[in-house]
Amino acid sequence: MNTTSIKNLFKLKSIPIEPPKEEIPQAETDPNKESAEESRKRTYHESGYRDSSRTSGNHSTLSICLDAVYSKFQNEEKEMVEKQQKLKESYVNEQKNKETEIKALTVSQETKEEQLKNKNTEVEDHQNTIEILKAEVLDLPRNPEKYNVKATKGASTKFWIGAILLLPITLYLLTFYISTSYSAFFKSFDAKSTLIQSVFDAQSLSKAWNDGAIEAAFVTLIPFVFLGLGFLIHMFGENKTKANYIKLGLLFVVTFIFDAILAYEIESKLYELNKTFDSPLFDLKIAFTKNQFWGIIFAGFIVYIIWGLVFDFVMKEHREKDKIKSEQEIKRKNIIFLTDKIEALKKEIEEITANIGTTKELIIKTRGRIEELQNIIDGVIIPTKDYKLYASEYVQGWVTFIGEKIAVSKTEKQTMIDDCISTYSTNLELVGANSDNQNLVYLSSL
């Protein structure tokens, strides 16, 4: 195999050489016109030729020589200060960018931590407010004036006491007016009946229903007329005006007159049962002299007034209780509002915490990259593309010697050359200077 065909295997341009007196080929170029790169390539070519001549082109020895060539190349690159600075320039710029990025990430982290602190403080404030509101809800019925609520202290207790009293009084009025209205208008008295039996008939309601629908409706509904009058007393008493006072007076008069009519009718029937031929006709003058007449009136009218007063009291206490309940409801709604706000804040806190964690990871990762870049800057960058160029020159010199000086058969010579090329490829793989990554650079701590 001639020198030209061998060089084509590497697809690299070789510098023509001429062997010196010691059988080392010399480049056929004018040294004054030779560039530094060409001179360096020629040096590696000559070294390969020389080392091959010393080892008879042995491919095993070539592996060791290539390791030495790589070390020599590293030392040469280390001495090229300007070239190293140019190679490291991109790493220096990246390091500056990463340092700027660290500052931005640190500011972002501090901002998020401040937000997290504020959110946690806000949550604590809301929780404290909720506890205060809960305590106020419980304390409101006992001390309404403490919370600027214009309600009577203990209104709830008074309301229930009044409501309990109102129930039996209402039942009494229902019983009284059902019985007296039936006795006054529909019942036939018996001379053997006592006053109590004549006025209060336990079966008056059932008897009225047996007498007919009109009688039943009248007896059943008339008590509600009096209860309605009592309700009107409360309503007119809400607004203390002169007109309302007049209306109240009229209501009392009407109620008294109606009770007087009931008492008059009952007393008249009793008078008729007991009168003699000498007895005068029954009239108001006679009725006013009868104790039972006044007893019937006051048994209904006085109790009716008591019912109206109790009902008015219960309604007023209910209104007072409503003020407290209304204020309690406002506070409960505030509790719900603050609780919802706390839940929203907790979600924000989770997001901020996650962002802080992500930012810390980025800071750690960026600092790690800065350290890597600093190691690259502090070390020596080996341009593998250049190494491949000079290593190929060295191997070309090695193979040139085999092609020109080794006296073996053509087949054996080709085998030696193939072994050298394989050793060369293995070396490139070991130092990372293969064809796929020839533009990468390598860091050396030398």
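Model, not experiment: these values are computed from the prediction.
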Student: So, using salt bridge (Lys or Arg N to Asp or Glu O under 4.0 Å) as the criterion, who are the partners of R369 when residues are at least two apart?
Tutor: E94, E372
Student: Would you please test N375 and Y91 for side chain to side chain contact (heavy atoms under 4.5 Å, CB included) and show each step?
Tutor: CA-CA 10 Å; N375 290 332; Y91 298 100; over 6 Å; no
Student: Once rounded to the nearest 0.5 Å, what's the spacing between atom CD1 of I349 and atom CG of N118?
Tutor: 10.5 Å
Student: So how far is it from E371 CD to K98 NZ, rounded to the nearest 0.5 Å?
Tutor: 13.5 Å
Student: Show the numbers, then the answer: is there a side chain to side chain contact (heavy atoms under 4.5 Å, CB included) between H59 and M416?
Tutor: CA-CA 7 Å; H59 68 88; M416 290 179 67; over 6 Å; no
Student: Can we say E37 and K83 salt-bridge, meaning some charged N sits less than 4.0 Å from an Asp/Glu carboxylate O?
Tutor: no
Student: Would you check if there is a donor-acceptor pair between the side chains of E101 and N97 at a distance under 3.5 Å?
Tutor: no
Student: State plainly whether the residues K117 and E113 are in salt-bridge range, i.e. N to O under 4.0 Å.
Tutor: no
Student: For the side chain of K413 and the backbone of I406, is there at least one donor-acceptor N/O pair under 3.5 Å apart?
Tutor: yes
Student: Does Y44 have any ring-ring contact (aromatic ring centres under 6.0 Å, His included) partners at least two apart in sequence or in another chain, and if so, which?
Tutor: Y390
Student: Run the side-chain hydrogen bond (donor to acceptor under 3.5 Å, both in side chains) check on E124 and N120 step by step: do they pass?
Tutor: CA-CA 6 Å; E124 291 177 2; N120 284 322; over 6 Å; no
Student: Please walk me through it: do I421 and V395 pass side chain to side chain contact (heavy atoms under 4.5 Å, CB included)?
Tutor: CA-CA 8 Å; I421 293 173; V395 175; 5.5 Å; no
Student: For E76, run the side-chain contact (heavy atoms from CB on, under 4.5 Å) check against K72, Q74, E79 and tell me which one passes.
Tutor: K72
Student: What is the distance from atom OG1 of T366 to atom CG of L105, rounded to the nearest 0.5 Å?
Tutor: 5.5 Å
Student: Apply side chain to side chain contact (heavy atoms under 4.5 Å, CB included) to the pair I342 and I130, showing each step before the final yes or no.
Tutor: CA-CA 10 Å; I342 287 174; I130 287 174; 3.6 Å; yes
Student: Give the minimum heavy-atom separation between L62 and C420, together with the two atoms involved.
Tutor: CD2-O, 3.5 Å
Student: Nearest 0.5 angstrom please: I352 CD1 to K347 NZ, how far?
Tutor: 14.5 Å
Student: Give a yes or no on whether the backbone of K388 and the side-chain of S392 come within a donor-acceptor separation of less than 3.5 Å.
Tutor: yes
Student: With sequence neighbours excluded, what pairs up with K346 under the salt bridge (Lys or Arg N to Asp or Glu O under 4.0 Å) test?
Tutor: none
Student: Check whether T61 reaches the backbone of G57 with its side chain - one donor and one acceptor, N or O, closer than 3.5 Å.
Tutor: no
Student: Quick check: do F73 and R40 have side-chain heavy atoms less than 4.5 Å from each other?
Tutor: yes
Student: Could you measure the distance from the CG atom of L338 to the NZ atom of K333? Nearest 0.5 Å is fine.
Tutor: 14.5 Å
Student: Measure across S47 and Y394 and return the closest heavy-atom pair with its distance rounded to 0.1 Å.
Tutor: C-CE1, 3.5 Å
Student: Looking only at the side chains, is there a donor atom on one of K112 and S108 sitting less than 3.5 Å from an acceptor on the other?
Tutor: yes
Student: Does any part of the side chain of L66, heavy atoms only, come nearer than 4.5 Å to the side chain of T426, both counted from C-beta?
Tutor: no
Student: Please report the interatomic distance CD1(I364) to CD(E361), rounded to the nearest 0.5 Å.
Tutor: 7.0 Å
Student: With sequence neighbours excluded, what pairs up with E89 under the side-chain contact (heavy atoms from CB on, under 4.5 Å) test?
Tutor: N93
Student: Donor-acceptor pair, K331 side chain versus L133 backbone, under 3.5 Å?
Tutor: no
Student: What pairs with E114 under salt bridge (Lys or Arg N to Asp or Glu O under 4.0 Å), at least two apart in sequence or on another chain?
Tutor: none
Student: Are any non-hydrogen side-chain atoms of Y387 and L428 less than 4.5 angstrom apart?
Tutor: yes
Student: Under the salt bridge (Lys or Arg N to Asp or Glu O under 4.0 Å) rule, collect the residues that match up with K119, sequence neighbours excluded.
Tutor: E348
Student: Between T100 (side chain) and K96 (backbone), is there a donor-acceptor pair under 3.5 Å?
Tutor: yes
Student: Does any N or O in the side chain of S53 come within less than 3.5 Å of the main-chain N or O of R50, such that one atom is a donor and the other an acceptor?
Tutor: yes
